[in-house]
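Notes follow the structure.
As the structure lists them, so they are numbered: ligands from 1, and atoms in each ligand from 1.
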Amino acid sequence: MLASAPREPRPPVEPYKVKVVERIRLPSREEREAALRTAGYNLFQIRSDDVYIDLLTDSGTSAMSDRQWAGMMVGDESYAGSRNFAHFEATVQELTGFPFVIPAHQGRAAENLLFSLMGRPGTVIPNNMHFDTTRAHVERNGSKAVNLAIPEAYDLASPHPFKGNVDVPKLEDLLRAGPSKVPLVMVTLTNNTGGGQPVSVANLTAVRDACRAAGVPLYLDMCRWAENSFFVREREGGMSGRTIPEIGRLCFDLADGATMSAKKDGLVNIGGFVATRDAALAARLKEQLIVFEGFPTYGGLARRDLEAASIGMREACDLDYLAHRIGQVRYLASLLDEAVIPYVRPPGGHGIYLDVRRFLPDLPSADFPGQSLVIELYREGAVRTVEVGAVMFGDGAPGDPAPLELVRLAIPRRVYTSAHLAYVAEVVRRVWDRRATIRGVRMVEAPERLRHFTAKFQPNG
Ligand code: F0G
C-alpha cells in the first residue's frame, strides 16, 4: 500500500458570488521603493493605489452585500426620527438585549462618549487587552488602562482555545479597590491586540460575578462579537447546538452595556454605537452625543449607513459566512505552516499575527523588528500589513520592549479570494527565506499619542 500523500491545504469555498469588481494592480519594485521612501517607511502613509493586497485592517474595509446596497437606497435622511434609525435600534436591541442604543460614527466615537462620562483621574479601567484607541480614550480622561488577559495570551505558541480570557483572580484583586477606583470593567471580543483570540462564556460569567460582587459595571467591546460567538460555538462545551445570535445574547446578558465599531462585524464601511441598560447613563450619553456626533437618531452618520449596518449585523451572524471567514484565516495559516513560519496560535478570528520575535530573533526592540517586517512585506509584494508591537504600544523609553511584538495580516471581510491569500502566503515565505538579511529601522519623527499612524522611519544602513 502506498502511504497517502500529505493533504494540500484546501481553500474554503465562498458562500457568495461576485457582482461588482474593483481593479487592483501590483506596482513595480521601483514604484514600491519610491512609495516607501515618500511614506517615511510608515505603511499608514502609503497611497492605497500603491498597495496590491491590503491587509492593514479588517475595519471599514468589508464588501457590502446586494441587500445592504439596497438598504442604502432606502435611506430616510430625516434629521430626526428616521425610520432607518428605528431599524438599527431594533436590530441592536434584539441582538444585544440592551434597551438604550446611542449611534456613533465609529468605535472610537462610542469610546469617547462612554469614557468621557465614566473615566476620571485616580481610577483604573481594566480590559483583557485595550485596543489602541480604547486605551487612548481611557487615558485621555485621566484613568489608567490595565490589561488583564490570562498568561497564555502572552505565550504565542500556546494552543489555549480562549486566549482572550480575563485573568479573573487578578481582576478580583483589582476590584478590591471598589467602584470609586474602578468605574467599569471592559472585555474585548475578540481580543484584537492579542491575536484576534476569543473569550469564553464561562470566563465572561466569572468576570460578571466578580464585577457584581464589587458593584462595578461590565461593558463589552463587541466589535467582533459574531466571530467570538463562532469560536464559542466550536470550542466551548454545550454550545455547538446554538445559533450565533443566541451565543451573542449569552454574552450580552452578562454585561451592562457595550461599545461597537460596526466597521468590523457590522460589515459596513462606517458606523458604531454605545448600548446600555442604564437609563441615567443613556440620557447623559445622548447629551454628549448631540455635542460631538449629532442628534440621537443619526449619531454622526447618514441614515442610509444605519440601514446598511442593521442588515450587516444580521449577515455577520450567518454560519456559512462565518465558517468561510474563519476558514480563510485558517487557510492562510495552513499555507504558512508549510514553511513553518511562526505566528500566534491558534489562528484568530480576523487575521494572522506573525510572531516577530521568532521571525527576526536577532533584531533588538530598538530596531523596531515588527515595523521592519511590515516594510519588507510591502517591499516584497506590495502587501500592506500593520505592526502591533514596539511602535504601536511601546511608547516608554526608546528600545523598551512591548509586551507583544506582532505583525498583523488582517483579512477584510468578503473582499479577497483564496488565490489572493495564496499570493500573500508566498510573499511572506519569500521574506522568511531572506530574513537573515533584514537590518531594522530607526524612528526619526513621532507624535505624542498613537504614534504608529504618523511616525517616520529610516532603514538602518
Ligand atoms: N475596539 C477594537 C477592539 C478595535 O479593534 C477597534 C478598531 C476599535 C475599538 C475602534 O473602532 O476604528 O471604528 O474607531 N480597530 C481597527 C483595527 C482600527 O485595525 O483593528 P473604530
Side-chain angles (χ1 to χ4, degrees), residues 43-44 48 54-62 102-116 125-140 145 147 149 153 163-164 166 186-199 219-228 251 257-275 292-293 299-301 305-306 308-309 312-313 316 329 344 348-353 370 374 384-389 391-393 404 406-413 415 449-450 452-454:
L43 279 283
F44 281 100
S48 63
D54 204 346
L55 307 185
L56 184 73
T57 181
D58 63 318
S59 178
T61 51
S62 303
I102 291 101
H105 79 271
Q106 62 182 82
R108 71 200 67 183
E111 291 167 352
N112 178 32
L113 295 171
L114 184 68
F115 293 120
S116 60
I125 298 181
N127 204 324
N128 42 358
M129 279 191 205
H130 289 273
F131 180 66
D132 59 355
T133 61
T134 323
R135 187 176 64 146
H137 280 291
V138 166
E139 291 177 350
R140 204 173 73 85
N147 289 343
K163 287 168 92 171
V166 175
M186 288 287 292
V187 179
T188 305
L189 312 177
T190 58
N191 177 7
N192 180 14
T193 310
Q197 301 293 326
V199 179
Y219 277 73
L220 304 180
D221 177 336
M222 59 172 284
C223 297
R224 300 181 179 85
W225 106 95
E227 289 166 7
N228 197 82
C251 301
T259 56
M260 168 81 175
S261 166
K263 297 169 73 176
K264 285 88 171 168
D265 279 352
L267 289 167
V268 280
N269 305 118
I270 198 75
F273 60 83
V274 191
F292 290 107
E293 292 280 291
L301 292 158
D305 294 327
L306 292 168
M313 281 187 283
V329 180
V344 176
H350 62 291
I352 290 293
Y353 292 60
V374 159
R384 175 155 67 173
T385 56
V386 70
E387 190 255 24
V388 182
V391 179
M392 192 183 273
F393 290 106
L404 295 172
L406 308 171
V407 164
R408 184 183 73 174
L409 285 62
I411 303 183
R413 296 170 179 77
V415 170
R449 241 184 246 279
L450 296 173
H452 54 288
F453 292 123
T454 52

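Not a single N or O atom of K263, backbone or side chain, sits closer than 3.5 Å to an N or O atom of ligand 1. Looking at ligand 1, you'll find an N or O of G107 within less than 3.5 Å of one of its N or O atoms. Looking at T188 next to ligand 1, no N or O pair under 3.5 Å apart turns up. Inclusion of N192 in the set of residues having an N or O under 3.5 Å from an N or O of ligand 1 is warranted.
Considering every non-hydrogen atom in both E227 and D265, the closest pair reads N-OD2, 3.1 Å. Pairing each heavy atom of T193 with each of H130, the nearest pair is OG1-O, 3.3 Å. Minimum interatomic distance between A104 and A109 (heavy atoms only, all atoms of both residues): CB-CB, 4.0 Å.
To the nearest 0.5 Å, the span separating CG on N192 from OH on Y353 amounts to 4.0 Å.
Contacts with ligand 1 closer than 4.0 Å are made by side-chain heavy atoms of R408 only, the backbone lying farther away.
Formation of a donor-acceptor pair under 3.5 Å by the R108 side chain with backbone atoms of T134 is not found in this model.
A salt bridge does not link K264 with D58: every distance from a Lys NZ or Arg NE/NH1/NH2 to an Asp or Glu carboxylate oxygen is 4.0 Å or more.
Residue T57 approaches ligand 1 through these ligand atoms, each under 4.0 Å from one of its heavy atoms: 16 (C), 17 (C), 19 (O).
For atom 6 (C) of ligand 1, the closest non-hydrogen atom of the protein is K264 NZ, 3.1 Å. The protein non-hydrogen atom at the shortest distance from atom 12 (O) of ligand 1 is R108 NH2, 2.8 Å. In terms of protein heavy-atom proximity, atom 9 (C) of ligand 1 is nearest to E111 OE2, 3.1 Å. Nearest to atom 8 (C) of ligand 1 among the protein's heavy atoms is F131 CD2, 3.5 Å.
Under a 4.0 Å heavy-atom criterion, G272 is not in contact with ligand 1.
Each of D221, V138, V274 was checked for a side-chain contact (heavy atoms from CB on, under 4.5 Å) with E111, and the lone residue meeting it is D221.
For atom 3 (C) of ligand 1, the nearest non-hydrogen atom from the set D221, V386, T133, T134 belongs to D221.
No side-chain donor from either of N147 and R135 sits under 3.5 Å from a side-chain acceptor of the other.
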